[in-house]
Structure formats: structure tokens, C-alpha cells
Amino acid sequence: MIMERLGLKTLEGLLLQELNRLLNTKAKHLMKHLYSNFNKLFVFVFFLTFNLTFGQDFVEIKKAVAPDRESPDLFGYSVAIDNNYAVVGAYQQKLDVSGLNSITNAGAAYIFQKDNSGNWNQIQKIVASDRESSDRFGRSVSISGDYIVVGAYQEDDDVNGNNSLNGAGSAYIFKRDVSDTWIEIQKIVASDRNSSDRFGQSVSMDGDYLIVGANLEDEDVTGNNTLSSSGSAYLFEKDGSDIWNEVQKLTASDRQSGDLFGWSVSISGDYAVVGAYNEDEDELGSNTLNNSGSAYVFERNGTGIWNEVKKIVASNRSAEDNFGYSVAIENDIVVIGSIGEDEDASELNTLINSGAVYIFNRENSGDWLLNAKRVALDRSDNDSFGNSVSLSGSYLAVGANDEDEDGNGMNTLSDAGSAYLFEFISGNWQQVQKLNASDRGAGDIFGAAISIDNENLIIGAHREDEDENGMNTLSNAGAIYFFENSASLGTHNDFVNSFLIYPNPTQGKVFFKLKEASELKTISIYDLTGRLITDKVLMINSNSPIPSMNLEKLPAGNYFIEVNTNNGKSIKQLIKY
């Protein structure tokens with residue numbers, strides 16, 4: 001069953017797959033020694049004893065930057081993906097859609113579309129119709145079906161361009177028309193807007209509902225009881241005329257000054273979750289711990305009213321955990337990121353600000369209960385694991401933008417950033433992959449933004465400096481990285497399984513034989529972290545009927561080989577020993 005799922009034909013492949021993903025460097029050396037001295041049956045039984053299971057691997061398929069990139073745009077500060085469309089925020093971008101009319105920090109967002117060949121292409125740049133200096137359009141983004149919402153948390157004017165209030169904030173809604181063009185259809189603001197509320201700090205859209213966070217807002221739902229920066233969130237509903245109307249303002253039942261309720265938001269169906277990472281009290285309003293953090297779950301009842309149904313906190317809460325820094329909800333599952341958390345899943349092994357995520361399930365009783373706490377398998381001090389989270393089906397993607405090492409726990413680059421993929425397997429959330437950028441560099445903070453939808457994953461690195469070719473350095477211009485589940489790669493046309501790799505396993509040279517008349521374009525090799533490593537191999541006779549590669553420089557392990565021809569793409573696994 002496991003062998004069939006992975007597409008591996010040998011026990012060697014299973015062993016090497018497990019070694020690459022689940023063991024640290026020292027354990028790898030030990031197990032490779034065991035592998036070379038004991039028979040395959042012993043090794044196979046050894047792994048079965050530990051009941052190691054895992055899912056598919058996500059492979060980086062594209063790095064993208066803005067075509068009009070400048071320093072410091074922070075392209076990739078916010079990302080969102082839905083089916084074949086993705087939107088990327090660059091809230092310090094200066095230029096309009098024509099690349100003209102430079103306005104400092106006006107902000108922009110970029111829309112990408114996945115074509116029939118599986119390639120992601122930037123198709124449109126969008127800006128606010130009333131863009132002005134320091135609006136920071138693109139601070140937050142969300143996409144659902146034919147609609148995109150973009151937050152501009154320091155925008156000043158109301159929907160008519162009047163009543164300027166410094167930093168009150170706004171959001172802009174775009175709709176895709178029949179020609180695949182996204183048109184701004186509405187600007188929205190809070191009904192009780194005030195200066196410095198930062199409406200648009202966070203946004204989340206699902207179907208006909210939209211929630212917008214205003215983490216510095218001061219008043220309760222009646223506009224009274226001022227508490228500085230207690231925070232609020234606003235719910236909007238789309239009517240039959242494509243107009244989004246504010247239907248409710250949300251605040252925490254135990255709101256206090258400085259809680260920052262609304263820093264993070266997420267909505268799914270009849271449920272919404274709002275993070276308040278500076279909140280201090282437990283779910284009963286006692287046991288004050290400074291900035292321990294909390295999150296609040298709201299449910300829409302039969303009359304359309306959203307009610308707070310649960311305040312959730314970490315079971316082991318401590319001061320400065322910042323529980324609620326990121327939130328995600330899908331159906332009956334809520335995930336909360338806690339970037340300041342210090343202990344592992346067993347509440348041991350303290351590592352300062354290593355970070356954690358907490359997964360809650362909605363029970364039949366309607367209560368939300370903790371299902372699991374998860375940390376990175378290679379956690380270290382100050383990784384900020386949990387700074388971004390995203391849920392889709394059986395997958396959970398988590399960013400750790402201050403993490404330093406690559407997928408093998410080596411090549412330390414300060415704050416290069418990483419992301420981790422968890423899969424719900426046999427009733428448990430298990431880490432199945434660590435992801436890094438193919439061109440990772442110090443200070444890139446890859447993983448600061450993350451969004452997953454089915455087989456597609458997008459990760460932002462808004463302090464990345466180079467373009468998609470690793471050239472044209474522009475400080476903090478930013479970049480994004482698209483990943484795709486390897487199980488779906490090569491399924492875009494009839495080219496699937498139409499080439500051979502031999503010998504496989506191999507110690508060095510491999511040959512490629514196409515099963516049909518095709519013109520070879522590229523051959524790419526990825527490791528199990530999704531990192532492109534083609535530059536470490538030697539292509540020989542690429543234009544000959546039987547092209548080949550020399551893999552002697554690659555360490556032993558399991559790899560993905562992607563062949564791209566004029567007839568399409570296909571991907572296979574290869575074992576190097």
C-alpha cells in the first residue's frame with residue numbers, strides 16, 4: 001500500500017525516502033551504515049516497527065517576482081490562492097498598473113493564473129482607484145472564486161474620497177469578468193471609522209462573506225467604551241446586486257486595551273476566527289500573562305447573527321507566547337499560530353521563540369477542543385514557527401520566517417526562512433515535509449506569508465532581493481514561490497508516464513528515453529524539500545535521441561526528475577545510492 005502510493009519499486013527507495021525526510025543528519029549516517037551491512041528484510045521490518053507513514057511531496061515549480069519590481073516593494077508580504085488563481089500583495093510598491101505615476105508606498109497587488117500546462121503566469125497588476133501616498137494597498141489579500149479583496153490599512157478616505165481620517169484604513173473588492181480581467185467594483189470602510197484604526201490589517205473571504213480586521217480600533221460594537229487598540233473585526237455579506245454590505249462589527253467579549261483583536265482573521269462557512277496575540281487572560285478572564293495571546297471563534301446563527309462561541313487559549317500558555325499571531329479555519333478545524341511559544345509538543349525542551357501551532361476541532365457538542373500541538377521537527381531558538389498558517393483539506397502549511405537551515409538541517413543562513421507541511425494521516429497531523437526556497441538567502445524570511453489550496457501552495461519571501469534568475473539584486477523587492485504536489489505534476493496532459501529513466505537506482509549517469517516523438521526542452525531535478533538542484537548535475541548530449549545526466553555529485557537519496565517537452569511535462573522518482 002505504502003509502496004504503491006509513493007510510486008517506489010524497491011525497498012531501497014522506501015528506506016532512502018524515510019531517511020531524507022524523517023531523520024537528522026547523524027541518524028542518516030547511522031542508518032546508511034546499517035543499510036550497507038544488513039539485509040533488506042531487516043531494514044524494512046525496522047521501519048515498519050516505527051510505523052512511519054507519509055504523504056506526497058510538494059515540489060517548487062516556479063519562483064516569481066513583479067515585472068516592475070523595485071526596492072523595497074515587499075512583494076509577497078501577503079499571498080492567497082484559490083484554484084487556478086493567486087493574488088500577491090506588495091504594499092510598498094510605488095507605480096500604477098502602467099508602471100507610471102510613482103507614489104511612495106501606495107501599494108499594489110499582482111494576480112497570477114495557472115494555465116492548462118500547469119504554469120503560473122502573472123496576468124494583471126491591480127491598484128486602488130484612489131491610490132495615495134502611504135495607503136499600503138496590499139498589506140492583506142484574500143481570494144474566493146471570482147472575488148479578490150485587498151486591504152489598505154493606512155488609507156485615509158471614505159468610499160466617496162471624503163472625510164479624511166489618517167490611517168483609518170479601507171479595503172477594495174475586485175471581480176473577475178468574462179474576459180478574465182479583475183475589475184475594482186467596490187471600496188469598503190468601517191461604519192464607525194476613526195483615525196489609526198487600521199481597518200484592512202487582515203482580510204479573509206469565503207463565498208458571500210468577508211471579514212476585515214482593524215486591530216487598532218478602540219470602541220465596542222455600540223461605539224462606546226473606548227479601550228485603546230483593543231481591536232475589532234467587521235463582517236460583510238454580498239447581496240444579490242454584487243454589493244458587499246457591512247452586517248456586523250465584532251469585538252472580544254473580554255476586550256482590553258492593547259489586545260490587538262483583529263490582527264489576524266479567517267472565515268469558513270458559518271464560522272470565523274479572530275486572533276488577538278497581545279491578549280493577556282485565559283478563557284475565564286483570569287490568570288493574567290502578558291501577551292500570552294488568544295483567539296475567538298464566532299458562529300453565524302440561523303438569523304444571520306454572528307456570536308462569539310469560544311475563546312481559545314493555549315493549554316500551556318505563558319507570557320509573550322503571542323498565541324493568535326496567525327489563524328486559519330476550514331470547516332470544523334481551527335489552527336492558531338503562536339510564534340513566541342518555547343516548548344515542544346510534550347511541553348519540554350525549551351527553545352526561546354521557536355514557535356508552535358495549535359489545532360482545534362469542533363466537536364458534535366459544538367465545543368472547540370484542542371486536537372494537537374505541533375512544532376517543527378528541527379526547531380531552534382527564534383524560528384518564529386507559526387508566523388503564518390493555511391489549511392486545505394488534509395494539509396496544513398506553516399511558515400517559520402526566521403528559520404535558518406535548509407531541509408537537511410545544514411547551510412545555515414540567518415532568517416532565510418522555511419515552511420513546513422503537515423498532513424492528516426491515520427488520525428494524526430504529521431510533519432511530512434520541510435520546504436525551502438531554491439535560491440534561499442540570509443534575511444529572505446521565506447514563509448512570512450503562506451497559502452495552500454488543494455495541490456497548490458504559494459509562499460512569500462518579501463525580503464528576497466534577486467529576480468527569478470537569481471540576478472538584478474534589488475533590496476527587499478520580494479518574491480514568491482509556487483509549489484505543487486508531486487502527485488499532480490505531469491497530469492496536465494497525455495504526456496504522463498511517457499519517458500523512461502535508466503538505470504534507476506543509479507550511482508552516476510542516467511539516460512532518458514522518450515516513448516513518443518517529442519522535442520526535449522528541459523530536465524529538472526528536485527530534492528525532497530522541493531529545492532531545484534539541476535545546477536549540480538551535468539547534462540550530456542541533451543539534443544541526442546538518448547539524452548543523459550551525470551549525477552555523481554549528488555548525495556545518496558531520493559529525487560524527483562521532471563522532463564518538459566513540447567508535448568508537456570512528466571515527473572518520476574529517482575534513487576541515487
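Treat the numbers as computed from the prediction; the structure is a model and nothing was measured. Both backbone and side-chain heavy atoms feed into the values below; hydrogens, waters and symmetry mates do not.
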Compute the ring centroids of Tyr277 and Phe323, then answer whether they are less than 6.0 Å apart. no
Could you check Lys311 against Glu279 for salt bridge (Lys or Arg N to Asp or Glu O under 4.0 Å), going step by step and ending with a plain yes or no? CA-CA 11 Å; Lys311 176 184 180 179; Glu279 212 273 334; 3.1 Å; yes
Measure centre to centre between the rings of Tyr481 and Phe446, then say whether the value is under 6.0 Å. yes
How about Tyr110 and Phe75: are their ring centres within less than 6.0 Å of each other? yes
Using the side chain to side chain contact (heavy atoms under 4.5 Å, CB included) rule, take Glu283 and Lys310 through it: C-alpha gap first, then chi angles, then the decisive distance, then the call. CA-CA 8 Å; Glu283 64 270 33; Lys310 180 81 171 182; over 6 Å; no
Less than 3.5 Å apart, any donor N or O on the side chain of Asp453 or Tyr395 sitting next to an acceptor on the other? no
Are the ring centres of Phe58 and Phe483 closer than 6.0 Å? no
Carboxylate-amine/guanidinium contact Glu403 Lys434, below 4.0 Å: yes
Which heavy atom of Gly324 sits nearest to which heavy atom of Trp263, and what is that distance? O-CD1, 4.5 Å
For a quick test of reading the model, state the closest non-hydrogen atom pair linking Lys187 to Val159 and the distance between them. O-CG1, 3.1 Å
In this structure, is the centre-to-centre distance between the rings of Phe112 and Tyr85 below 6.0 Å? no
Asn162 versus Arg193, closest heavy-atom pair with distance: O-NH1, 4.4 Å
Side-chain donor-acceptor contact under 3.5 Å, Ser365 with Asp367: no
Ile173 and its side chain to side chain contact (heavy atoms under 4.5 Å, CB included) partner, picked from Ile183, Ile185, Val203: Ile185
Quick check on the 6.0 Å ring-centre criterion: do Phe298 and Trp306 meet it? no
Identify the heavy atoms of Asp383 and Asp404 that sit nearest to each other, and give their distance. OD1-N, 4.4 Å
Could you verify whether a donor N or O on one side chain and an acceptor N or O on the other, from Asn456 and Lys114, lie under 3.5 Å apart? yes
Measure up the Trp429 and Phe424 rings against each other and bin them: parallel (under 30°), tilted (30 to 60°), perpendicular (over 60°). tilted
Side chain to side chain contact (heavy atoms under 4.5 Å, CB included) for Asn307 and Asn301? Distances and angles first, verdict last. CA-CA 7 Å; Asn307 298 299; Asn301 66 19; 3.3 Å; yes
State yes or no: are the ring centers of Tyr147 and Phe174 separated by less than 6.0 Å? no
All heavy atoms of Ala419 vs all of Ile450, minimum pair found to be CB-CD1, 3.9 Å
Does Arg139 make a cation-pi contact with Tyr153 (under 6.0 Å, within 45 degrees of the axis)? yes
Indicate whether the side chain of Asn163 and that of Asp158 have a donor and an acceptor atom separated by less than 3.5 Å. yes
With Asn105, the side chain to side chain contact (heavy atoms under 4.5 Å, CB included) member among Gln93, Gln92, Gln154: Gln92
Cationic tip of Arg300 within the cone over Tyr209's six-membered ring, i.e. under 6.0 Å and within 45° of the normal? yes
For Lys125 and Leu95, work out which heavy atoms get closest and say how close. NZ-O, 2.9 Å
